Amino acid sequence: MTRITIDPITRLEGHGKIEIFLNEEGDVENTYFQIPELRGFERFCVGRPVEEMPLLTNRICGVCPEAHHMAAAKAGDAVYGVDPPSAAKKLRELLYMGFFFTDHTTHFYALGGPDFVMGPDAPVAERNILGVIHKVGMEIAGQVLQARKYGHTVVEMLGGRKVHPCTSIPGGVTKGLTEEEREKIEEMGEWAVEFGKFSLDLFGDIVLSNQAYVDLILGDIYTDRTHYIGLVDDDNKVNFYDGKVSVVDPDGKRLGKYAPDEYTDWIAEHVEPWTYLKFPYLKKVGWKGFVDGNDSGVYMATPLSRLNAADGMATPLAQAAYEKFYETLGGKPVHQRLAIHWARLIELLYSAERWMELVTDPEITSPNIHTVPTKVPTEGVGIVEAPRGTLTHHYWTDERGVLTKVNLVVGTTNNYAPITMSIKKAASSLINKGTVVTEPILNMVEMAFRAYDPCFGCATHSLPGQMPLEVTIRDAHGEVVDVLRQFC
Amino acid sequence: MSEQFEPVIIGFTCNWCSYRAADMAGTARIKYPPNIRLVRLMCSGRLDPTFVLKALSEGADGVLITGCHPGECHYLEQNYKALRRYRLLLKTIAQMGIEPERVKLVWASAAEGVQLARAITTFVEEIRALGPLRWPLRLAEMDIKETAAVEEVVA
Amino acid sequence: MSDNGKPKFAMYWAASCGGCEIAVLNINEKILDVDANFEVVFWPVAMDAKYKDVEAMPDKSILLTLFNGGIRNEENEHLAILLRQKSQILVAFGSCATEGCIPGLANFSNTDQIYEAVYEGVSTDNPNHIRPQYNYEVPEGTLHIPAFYPALRTLDQVVDVDYYMPGCPPESHQIAAVIDLVLKVLNGEAELPPKGAVIGAGNSTVCDECGRKRHVKSITKFVRIHEVDEIDPELCLLEQGILCNGPATRSGCGARCPGVGAACIGCYGPAEGVIDYGARLMTAVASVIDSNDPDEIDAILEGIPDPAGSFYRFSMPHSLLRMAKPAWSNGNR
Amino acid sequence: MSNKQNQPQDEKERIGVYVCHCGSNIAGVVDVEDVAVWAKEELGDQGVVVSRDYKFMCSSLGQEMIENDIKEQGLNRVVVAACSPHLHEATFRKACERAGLNPYLSELVSIREQVSWVHTDKEKATEKAKAMVAGGVERVIENEPLEPLRVPIHPATLVVGGGIAGIQAALEIADAGYQVYMVEREPSIGGHMAQFDKTFPTLDCAACILTPKMVSVGEHPNIELLTWSEVERVEGYVGNFSVTVRKRPRYVDTDLCTGCGICWEKCPKKVIDEDFEQGLGYRTAVYTPFPQAVPKYPVIDTESCIFFANGKCKACEKLCPTGAINFDQEEEILLLEVGNIIIATGFDTFDARRIPEYGYGRLANVFTSVEFERMCNAAGPTNGEVVLRDGVTKPEAVGIVHCVGSRDRNYNNYCSVICCMSSLKFAHLVKERTGAEVYNFYIDMRTAYKDYDEFYQRVMEEGVLFVRGRVAEITDATRNPGEEGKLVVQVEDTLAGRQRRIPVDMAILSVGLQPPSDTKEVAQRFGISCSASGWITEKHPKLDPVATMTEGIFIAGAIQGPKDIPTSVAQGAAAAARVLGRINKGEMYLEPIRATVDPEKCSGCRICNNLCPFGAIIFHEDLMVTEINHALCQGCGTCVAACPAGAISGTGFSNEQVLSQIEGLLAYSFPKDFELVEMVPA
């Protein structure tokens with residue numbers, strides 16, 4: 001049997017590792033996607049006071065600390081059964097929009113985007129942010145940096161710090177918004193909306209107008225008929241900060257919506273001995289292994305999943321883009337993984353629009369930003385949408401509000417099974433009967449999971465999409481016949 | 001182990017009361033077990049928790065902190081600061097997986113040689129009963145095998 | 001990348017969250033200075049490079065390596081040793097590498113306890129109590145994952161470290177300042193600080209940079225931040241009974257958290273020369289408790305539900321009790 | 001240790017270790033030769049280059065051995081393992097100094113008091129001695145060369161309290177030619193002694209021996225007398241205290257007043273004199289407490305003065321021949337600069353009302369000892385007549401109860417020292433003046449000191465009856481005709497072993513002494529401390545009874561604890577001698593064990609600001625940093641231990657010294673196989 005080991009950079013760096021086993025015929029026998037990193041937050045958060053969780057769980061991921069900060073804050077509210085003043089909730093959500101805006105921008109332009117902008121078979125050296133800049137022009141680079149900066153500025157103004165914000169506590173936030181700050185954020189928000197529109201147009205011009213790309217997106221290589229979940233508001237519109245989790249099956253039929261404290265009825269995590277990361281799946285459907293279809297509990301939680309699981313977007317421009325999205329791709333649900341990039345841009349626009357709604361809300365500068373908890377703390381669940389999937393924090397405390405048990409289902413983890421499947425699928429369809437593996441082929445494989453924007457900061461810790469590959473092909477005796485490398 | 005366990009104990013003394021009490025115990029030839037090694041401070045108020053943690057982390061099985069009786073501090077009221085730190089220190093080391101009984105605060109005036117000797121004897125027996133701490137070993141044990149101590153604390 | 005005579009620069013993350021990398025990216029245009037003055041030979045977040053290439057480099061051929069993240073497993077340790085070997089200047093970058101940071105709280109527990117919590121959680125379906133296997137036989141062959149160590153260690157507990165740069169993450173303006181310093185040194189305009197020095201931070205503690213009003217302290221009650229109806233925006237948080245790590249935490253961050261009404265949680269670590277961070281905070285807050293009665297003192301201390309967690313939040317692996325010792329055993333006495 | 005590395009290593013230590021046999025005192029239990037040899041071998045890496053044992057290190061030969069090694073072997077650190085530092089630290093420091101080594105670069109390890117004298121197991125004792133030597137070596141490496149602090153001494157002295165102890169102290173110093181300020185709360189000096197009639201055991205007249213001293217205080221060119229005044233605040237430190245004194249208005253211009261007494265003769269307002277006369281007599285609103293008062297000037301008591309009540313009268317003003325009465329007088333605040341302070345604020349007497357079963361305040365003819373003193377006094381309310389409350393009836397039987405409020409767990413646990421003797425004095429006076437039957441009820445007779453017991457015997461010969469037993473009750477509830485109209489003293493006669501009921505006409509309660517009610521505040525004001533029983537704590541109960549923990553502040557008389565007149569006088573003189581010694585020297589040296597703040601590191605968090613009872617910690621609002629005044633700092637190190645930034649360092653007992661000592665003590669305390677288990681994957 002021939003074994004192909006695909007290691008991100010090196011096998012000693014814990015950024016996830018892919019093992020492809022070929023059988024005697026040279027077809028893909030099996031693939032394994034291993035996550036070699038564990039830190040154990042579920043354990044060492046026990047004994048800590050619950051109000052510290054937004055600060056401690058921040059450190060799960062420096063890429064999406066805001067997501068953990070929010071989930072922890074909401075779980076803290078739930079533990080104390082306290083409802084923060086609406087101004088506090090809006091301030092948290094505004095901070096969160098700033099974060100989403102930055103994060104989605106970074107991924108599309110620096111990490112995922114190049115695959116499209118430059119085209120999958122473009123030379124490696126060009127398929128990166130610099131290539132994008134060359135192709136679409138220098139001024140865009142400036143805009144991208146601007147977008148990241150503006151998003152971070154909102155996070156910093158409301159959260160105290162650019163990375164690892166510190167203002168959310170059970171019952172609200174510690175810092176309000178001054179009119180002066182509000183005006184600054186509104187100013188930036190207007191620009192953000194324009195940037196969101198611009199980005200969608202750019203995608204239209206470069207990708208949609210190019211039939212080769214559309215075919216690529218719609219191609220079977222990148223298609224898995226899984227379930228989808230995503231947070232929706234009362235009108236079943238996509239929401240990042242609050243609401244219920246909507247679950248739809250591969251036919252787009254809604255199986256139901258669950259409130260945070262019902263998540264254990266819906267989600268379970270499967271354990272494999274060859275990796276540190278667990279595989280979440282839909283409990284009601286059950287774990288059938290790494291297979292798709294209506295009978296397999298495997299689900300996906302990404303921008304695409306959110307769109308699939310919702311009935312639309314809560315803001316006008318994003319809603320328009322949402323409708324165009326499904327028209328173009330032939331109706332709901334969309335199973336093609338590469339469409340995640342497009343969905344991400346729709347969310348980018350939504351985050352900017354929502355940002356404007358919130359910052360122009362008269363209540364946003366209200367000084368009433370905290371309700372002192374009065375109930376005896378017990379147990380609580382907090383759910384938000386992280387850019388890379390639904391994020392669930394579940395805490396149990398003693399009567400002092402000190403944690404006795406912690407359970408976390410983090411963003412990227414949701415997609416562990418689908419990513420594994422996508423890799424296998426891509427590999428199987430690209431490598432067969434002893435195909436000579438070439439760089440473009442490797443990139444096709446890589447594109448399969450890069451679309452998910454896997455942030456293993458939450459699991460391992462490589463940055464979104466930073467998954468350069470190295471392939472070693474060995475013959476049956478383990479002799480190295482060829483080494484190919486994939487840079488990004 | 002077959003032979004009985006001989007604890008190693010670090011004692012912090014106040015220059016004005018307990019250290020003189022130790023002197024007095026000496027001049028009066030009052031016997032106590034050789035398991036304790038005394039460190040002289042000017043006042044129990046000088047006691048920095050770091051000293052206790054240092055002693056424990058270097059392998060001491062117990063730490064005895066001694067100072068002037070309440071209201072009789074040579075420096076008026078500094079022994080109360082030692083008391084406050086001691087109370088917080090106990091809570092902290094318990095969480096770290098050390099039995100709080102291993103750190104003890106005892107008041108002894110310069111005149112109380114007998115009492116100090118008795119306190120030392122009692123403490124040595126208490127620690128003997130608790131068994132060895134030998135922190136680095138305990139730590140290795142805790143991290144490689146199960147440990148009751150940490151369980152209690154975290155659960 | 002061909003050698004262009006520029007000094008070589010590397011940055012690596014071990015058991016970290018990636019926040020340090022983001023913080024570096026957040027210095028914006030300064031990053032171009034780095035690019036202009038250094039040949040970046042190894043920086044997973046920014047570019048691809050191959051472990052084998054690093055291995056192939058001559059020893060000490062990298063001038064400056066910023067290493068963030070703690071040493072949690074076999075793999076982290078290998079990289080630490082390798083980069084030490086290849087670097088002239090190795091900087092423990094960020095709280096994890098410097099003193100362990102939040103993941104260091106794992107040193108409260110042992111491996112079994114961590115596995116138990118992770119692989120037997122409420123939402124986990126694990127009837128056979130499966131645990132990760134470092135070498136696992138699958139039909140197709142053996143799969144390997146790096147061994148998980150019993151405790152998290154800091155960089156200097158594994159290899160010799162030249163400089164420490166604290167912060168979770170280090171504030172961007174401090175990173176920029178350090179880069180400026182390094183460039184000055186390269187141009188012979190400045191001297192390197194003495195080995196073992198803390199860079200990119202102040203010499204005092206957070207209070208030094210905190211704008212809040214301070215008075216003589218006398219604490220009669222500790223309150224938890226969410227229990228406070230309205231936090232006085234002017235007054236020292238500790239004087240409001242909120243446990244703030246500011247007094248014991250190295251300055252340099254600009255006292256951001258107290259600035260937005262949140263207590264300092266201590267991410268910049270201990271002040272110069274301090275051996276055990278937690279002890280400093282412990283002794284400070286206890287000393288100003290306004291009671292001489294043991295029971296009353298205990299009652300007041302009830303307001304601190306998690307002393308060890310609060311005092312060693314970021315520095316557990318560097319604390320005297322929970323793991324500092326291994327570092328000493330390599331060449332303490 | 002991490003911060004050891006940070007320090008630039010100065011030239012390699014060359015340490016000498018000296019293990020003392022102390023004859024067989026140490027060598028009898030500890031194998032000193034072994035310890036010495038071991039130190040040379042095991043501690044070589046730490047810099048031990050010389051290691052010797054010797055019979056008597058403290059002998060001149062032993063000291064010379066050290067001095068020679070310092071000179072010849074170039075030692076720069078010395079560790080002596082011998083007796084307690086409290087015995088010989090100074091000795092060996094001097095030896096180092098003579099050889100040109102800074103005395104603070106030596107350490108004395110106490111292997112006698114802490115090892116050989118308290119342990120029996122030779123092997124374990126030797127092991128412990130080794131560990132302690134290792135601790136000493138590790139510590140001495142961290143010792144820094146120190147210089148003692150020099151402070152100049154201001155020649156003026158403040159004496160607080162004008163009782164006999166204060167008077168004695170003031171006169172000693174003033175006679176030696178130095179300025180003294182005496183502050184007294186009452187209108188006159190004299191204290192309790194001025195109230196007495198006779199003094200035991202000699203029975204000479206109190207006034208006769210006290211008055212001349214009071215007068216010479218009043219007239220002394222070197223004494224500024226501030227009566228009717230109190231100390232408000234004390235700042236500064238030994239050598240230069242600045243003291244704020246509040247001088248209450250007398251409403252009498254002392255420059256004009258001649259003390260002729262017309263004002264108090266003519267004053268229409270008579271009030272009961274609760275203070276000096278203990279309520280037995282009267283005084284006027286303008287008054288001097290007693291005829292021989294010093295100063296002679298009266299004060300106007302605004303509480304009772306008619307003018308102050310309703311703005312009328314002013315009789316005194318009209319009648320004063322020199323126009324000295326001044327109703328507009330206001331209080332003065334005086335600032336005194338002094339180098340030393342002697343506190344002699346004396347005692348209060350126990351309030352007999354606290355023991356209801358003795359009936360004081362309820363039963364008319366139960367008197368306190370102080371009342372009786374006044375009664376006996378020729379100048380007192382009864383002109384020296386011993387009579388019942390009615391003021392005429394002479395008692396036929398008198399009971400004197402000892403230890404009232406003393407030696408009693410419910411009140412004061414201690415013995416008040418003077419009561420036995422004064423009770424004997426009372427017994428004698430009663431006999432002398434009334435011939436009445438006298439019973440003394442005592443627990444134990446305490447008649448130590450010169451001629452005291454002789455007096456006891458004399459009183460017994462005079463026929464005074466002694467009943468050994470604590471009085472249970474004094475009552476007017478009679479049981480048999482013989483008790484009619486009398487007070488019955490219920491007592492268990494522990495010698496006769498039976499309960500007795502003894503009828504008397506008059507009962508005298510020998511009330512004990514206790515600290516003035518405001519002693520705690522006074523102590524705080526001066527930065528000194530009180531013992532549990534409330535008396536001021538002396539520096540050393542045996543060897544330094546007149547000094548306090550605070551440099552430059554001394555105590556004299558009863559404020560240190562109950563004592564009689566001779567002892568108070570002796571202590572007053574002793575305190576004065578100590579002060580004079582200082583003044584003559586002009587300056588003094590303080591142990592350089594002090595705390596210092598590094599202003600760079602100090603964040604101004606203000607944690608330490610209220611930790612110093614000596615006020616040595618000063619906060620500079622402008623710079624937002626804390627500073628420590630070295631002369632005020634007593635070196636306890638509490639602030640050093642408290643500083644969260646590690647910005648405060650303490651010389652003599654630095655973190656490095658203590659931590660290194662701990663390392664040393666423990667490094668050799670365990671079996672060799674004790675090593676950390678390497679980190680291995682689970």
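Residue numbers start from 1 in every chain, and the chains themselves are labelled A, B, ... in the order their sequence lines are given, proteins ahead of strands. Please read all numbers here as calculations on a predicted model, not as lab measurements. We use all heavy atoms of the structure for the numbers below, so side chains are in, but hydrogens, waters and symmetry mates are not.
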Less than 4.5 Å to any heavy atom of chain D: does that hold for the side chain of [X], its backbone, both, or neither?
| X | answer |
| --- | --- |
| B:N15 | both |
| B:L38 | both |
| B:R85 | side chain |
| B:K31 | both |
| B:P33 | backbone |

Salt-bridge contact B:R29-D:E113 (side-chain N to carboxylate O under 4.0 Å): no

Distance, nearest 0.5 Å, that separates [atom1] of [X] from [atom2] of [Y]:
| X | Y | atom1 | atom2 | result |
| --- | --- | --- | --- | --- |
| D:F653 | B:D48 | CZ | CG | 14.5 Å |
| B:I9 | D:L665 | CD1 | CG | 13.0 Å |
| D:C636 | B:W16 | SG | CH2 | 11.5 Å |

Residue pair D:H86, B:R40: steps toward the side chain to side chain contact (heavy atoms under 4.5 Å, CB included) verdict: CA-CA 11 Å; D:H86 292 139; B:R40 179 167 64 134; 3.8 Å; yes

Any side-chain heavy-atom pair of B:I30 and D:V118 under 4.5 Å: no

Got B:H74 and D:Q634 here, is their nearest side-chain heavy-atom distance under 4.5 Å? no

Spell out, as yes or no, whether a donor-acceptor pair under 3.5 Å connects the side chain of D:K128 to the backbone of B:I36. yes

Which residue in the set B:E77, B:Q78, B:R46 passes side chain to side chain donor-acceptor pair (under 3.5 Å) when paired with D:T638? B:Q78

D:N655 and B:T50: side chain to side chain contact (heavy atoms under 4.5 Å, CB included), yes or no, with the steps? CA-CA 9 Å; D:N655 290 339; B:T50 311; over 6 Å; no

For a side chain to side chain contact (heavy atoms under 4.5 Å, CB included) check, start with the C-alpha distance between B:F12 and D:I662, then their side-chain angles and the critical distance, and finish with the verdict. CA-CA 10 Å; B:F12 293 100; D:I662 295 170; 3.7 Å; yes

Test item: side-chain donor near acceptor, B:Y19 and D:Q114, under 3.5 Å: yes

